[in-house]
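Below is one structure, written out as structure tokens; the observations come after it.
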Amino acid sequence: MMDEEPENLDAADAVAMPQMEGHVVLDHVTFGYNPDKTILKDINLTAEPGQKIAFVGSTGAGKTTITNLLNRFYDIQEGSISIDGVNIQKIQGDVLRKNIAMVLQDTHLFTGSVMENIRFGRMDATDEEVIQAAKTASAHSFIMRLDQGYDTILEGDGANLSQGQRQLINIARAAISKAPILVLDEATSSVDTRTERHIEHGMDRLMKNRTTFVIAHRLSTVRNADAIMVLEQGEIIERGNHDELLALKGRYYELYTGLKELD
Ligand SMILES: Nc1ncnc2c1ncn2[C@@H]1O[C@H](COP(=O)(O)OP(=O)(O)OP(=O)(O)O)[C@@H](O)[C@H]1O
Ligand SMILES: [Mg+2]
């Protein structure tokens with residue numbers, strides 16, 4: 001009984017963290033999905049509360065993997081990840097996930113009203129708060145144009161909505177959560193310019209005052225980031241803000257030239 005596995009954390013050992021600030025540190029993080037194949041190599045980074053960290057890099061570079069490690073979908077092999085100075089291994093899973101809001105490309109919508117789908121981001125939210133979150137997300141105006149407004153029933157994973165509208169619902173869902181940390185995987189799919197602008201404004205308001213890790217596909221996102229991490233084969237090969245990285249004329253510069261064509 002004395003030498004129980006330390007990783008089998010029971011509730012009594014877990015650090016209670018009611019109000020996280022969102023100070024995130026990755027310290028010499030090395031990780032592979034299989035121990036014999038390293039995917040991330042010696043990742044070091046610090047995000048101050050409220051900062052926006054953008055990840056860019058080729059497909060397979062490890063961007064999604066980093067974000068998966070933050071909420072402990074997987075445990076790392078070497079190094080540590082801490083939030084507000086506490087190793088995430090010592091934070092209970094549900095507490096951790098309550099403090100990290102996610103906007104992923106393929107977030108699931110369930111059969112139920114728009115109101116219920118947004119409330120899923122924080123189950124005790126009032127109708128008023130749901131509507132406020134939808135406004136923050138720039139989703140309110142399209143919702144009001146739906147046949148039954150917030151009572152409209154979404155079916156088949158939101159099949160009766162456009163792709164852009166589904167994204168706006170996802171943003172509203174994150175906006176209602178009080179999580180100080182946000183993980184955003186920007187959608188690559190193209191939507192019409194007007195919806196695109198709504199999404200951009202929604203994301204901007206969502207990121208405000210939250211520590212944000214964003215897998216960036218939009219030029220505007222990287223331009224506004226406090227720090228951009230350029231990942232290549234699991235390593236951060238360049239880091240800095242947009243201007244600093246452009247001046248380097250390295251990998252970021254190459255990627256940026258590619259992004260610019262899409263903008
Ligand atoms: N669940 C998994 N099991 C094993 N290997 C995985 C798993 N998920 C990703 N990988 C591998 O890890 C590496 C990094 O993948 P990751 O998904 O982090 O890339 P990414 O930078 O997000 O790419 P993309 O821009 O295409 O989304 C890839 O070599 C990939 O094959
Ligand atoms: Mg990815």
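We count ligands from 1, going down the list as the structure has it; atoms in each ligand are counted the same way.
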**Message:** With side chain to side chain donor-acceptor pair (under 3.5 Å) as the rule and sequence neighbours excluded, what pairs involving residues 233-242 come up?
**Reply:** His242-Tyr252
**Prompt:** Among protein heavy atoms, which sits nearest to atom 18 (O) of ligand 1, and what does the distance come to when rounded to 0.1 Å?
**Reply:** Thr65 OG1, 2.5 Å
**Request:** State if Gly57 counts as touching ligand 1 under the rule of any non-hydrogen atom under 4.0 Å.
**Result:** no
**Asked** Under 2.8 Å from the Mg ion (ligand 2), which protein atoms of type N, O or S occur, listed by chain and number?
**Response** Thr64 OG1
**Message:** With a 4.5 Å cut-off on side-chain heavy atoms, are His23 and Thr211 touching?
**Reply:** no
**Item:** Protein contact of atom 26 (O) of ligand 1 - nearest heavy atom, named by residue and atom, plus distance
**Value:** Thr59 OG1, 2.4 Å
**Asked** When you look at Thr65 and Tyr33, which way does the side-chain hydrogen bond (donor to acceptor under 3.5 Å, both in side chains) test go after all the steps?
**Response** CA-CA 9 Å; Thr65 303; Tyr33 292 94; 2.7 Å; yes
**Message:** Once you measure the plane-to-plane angle for Phe55 and Phe213, does it fall in the parallel (<30°), tilted (30-60°) or perpendicular (>60°) bin?
**Reply:** parallel
**Item:** Within-cut-off N or O pair, Ile39 and ligand 1, under 3.5 Å
**Value:** no
**Asked** Any side-chain heavy atom of Arg197 sitting closer than 4.5 Å to one from Arg194?
**Response** no
**Prompt:** Which ligand 1 atoms are under 4.0 Å away from a heavy-atom of Tyr74?
**Reply:** 1 (N)
**Prompt:** Given Thr38, Asn68, Leu231, Thr64, which has its nearest heavy atom closest to atom 27 (O) of ligand 1?
**Reply:** Thr64
**Request:** State, yes or no, whether a side-chain contact exists between Leu70 and Ile81 at a heavy-atom distance under 4.5 Å.
**Result:** yes
**Fill in**
The protein heavy atom nearest to atom 25 (O) of ligand 1 is Lys63 NZ, 2.7 Å
**Message:** Checking a contact table here: which protein heavy atom is nearest atom 10 (N) of ligand 1, and how many Å away?
**Reply:** Tyr33 CE1, 3.3 Å
**Asked** Is Gly60 close to ligand 1, meaning an N/O of one under 3.5 Å from an N/O of the other?
**Response** yes
**Message:** If I compare all heavy atoms of Gly234 with all of Ile43, which pair ends up nearest, and what's the gap?
**Reply:** O-CD1, 3.5 Å
**Prompt:** Taking the side chain as C-beta and beyond, is there a heavy-atom pair between Val183 and Asn71 under 4.5 Å?
**Reply:** no
**Prompt:** What are the two closest heavy atoms between Ala47 and Ile53, and how far apart are they?
**Reply:** CB-CG1, 3.8 Å
**Minimal non-hydrogen separation, Ala137 against Ile171, with atom names** = CB-CG2, 3.6 Å
**Asked** Is the His140-Tyr150 ring centre distance short of 6.0 angstrom?
**Response** yes
**Asked** Can you find a protein heavy atom under 4.0 Å from atom 31 (O) of ligand 1?
**Response** no
